[in-house]
Amino acid sequence: MAPRKIIIDTDPGQDDAVAILLALASPEDVDVLGITTVAGNVPLDLTSKNARIICELSGKVDVPIYAGCDRPLGRDLVTAEHVHGKTGLDGPDLPDPTLQLQDGHAVDFIIDTLRNEAPGTVTLCPLGPLTNIATALTRAPDIAEHVQQIVLMGGAYFEVGNITPTAEFNIYVDPQAADIVFKSGIDIVVMPLDVTHKALVTKSRNDAFRSLGTPVGIAVAQMTDFFERFDKEKYGSTGAPLHDPCVTAYLIRPDLFTGRHINVEIETESELTLGMTVADWWGVTDRAANATFIGDLDADGFFALLTERLGRL
Ligand SMILES: [Ca+2]
């Protein structure tokens with residue numbers, strides 16, 4: 001089978017970095033048409049810089065990188081330096097990038113790329129707030145039929161919220177954008193906290209990254225070392241959850257994941273529950289299913305895949 005054509009839309013982020021590295025290490029499975037950046041974990045200038053740092057680290061410098069929206073559609077940007085550090089990529093000491101951003105806006109790149117590809121052939125992989133994707137779909141509704149699937153990290157049901165008591169960060173930052181995407185009619189696969197909190201980097205899993213002995217393996221180990229402080233303190237978990245790599249791992253090994261095809265709606269108005277993903281996991285409404293909401297994964301299989309692929313870079 002030909003590799004799946006994908007666009008990674010991202011706000012790196014240590015876990016975004018690992019997701020991107022996994023994709024770049026897997027050319028037989030995914031063809032990365034481009035990487036688009038969005039404001040999220042840190043402001044846009046930093047997410048755009050971090051995306052370039054990651055591509056240089058991987059040695060794959062021919063993937064075009066475009067900067068996108070620097071703020072959510074209808075509200076002020078909320079960032080997460082308390083999780084990811086001041087740079088968004090704290091942990092390893094990586095050099096400033098020499099790789100340049102492409103001219104032009106990420107949203108234009110998404111629109112043009114989709115229009116140039118056959119209907120139903122490009123998968124969008126949002127790893128941050130959905131601002132770029134929603135802007136593209138609003139400006140050019142015709143691109144929806146060119147999308148094969150959207151596989152995104154965001155939301156939560158059983159785990160509820162990580163930035164407010166009821167909202168997951170990516171959805172909370174731009175709930176209006178999320179609402180547009182979830183109502184788009186496109187086939188959506190969601191990696192909520194319910195599954196990503198089961199993708200924990202335990203000490204032995206992190207040792208496996210470090211033992212690769214390569215610049216990529218060591219940098220990933222240092223990133224997760226940094227990232228895990230926050231989650232260990234907050235949740236008392238055994239290690240850092242690798243949220244975003246669930247997206248790229250799903251493209252390579254969907255059999256590692258299980259979920260339910262259900263209705264998911266986004267709360268866009270309530271001050272109390274803004275950005276909540278109202279997921280009808282138990283099928284208690286007659287609202288039509290619009291997303292596959294993943295609930296579980298084979299964590300050992302996931303980390304085995306990750307370690308094997310990262311070892312190639
Ligand atoms: Ca992210």
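One-based numbering, in listed order, for ligands and for the atoms of each. Only a predicted model underlies this, so the values are computations on that prediction, with no experimental measurement involved.
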Paired with His84, the ring-ring contact (aromatic ring centres under 6.0 Å, His included) test is passed by just one of Phe227, Phe226, Phe169, namely Phe227
Hey, do the aromatic rings of Tyr66 and His105 have their centres closer than 6.0 Å?
-> no
Considering only N, O or S atoms of Asp11, the one closest to the Ca ion (ligand 1) | OD1
Between Asp174 and Arg75, is there a side-chain N and carboxylate O pair less than 4.0 Å apart?
-> no
Taking 3.0 Å as the cut-off, does an N/O/S atom of Leu127 lie below it from the Ca ion (ligand 1)?
-> yes
Any N/O/S of Asp244 under 3.0 Å from the Ca ion (ligand 1)?
-> yes
Is Asp142 salt-bridged to Arg115, going by a charged N under 4.0 Å from an acidic O?
-> yes
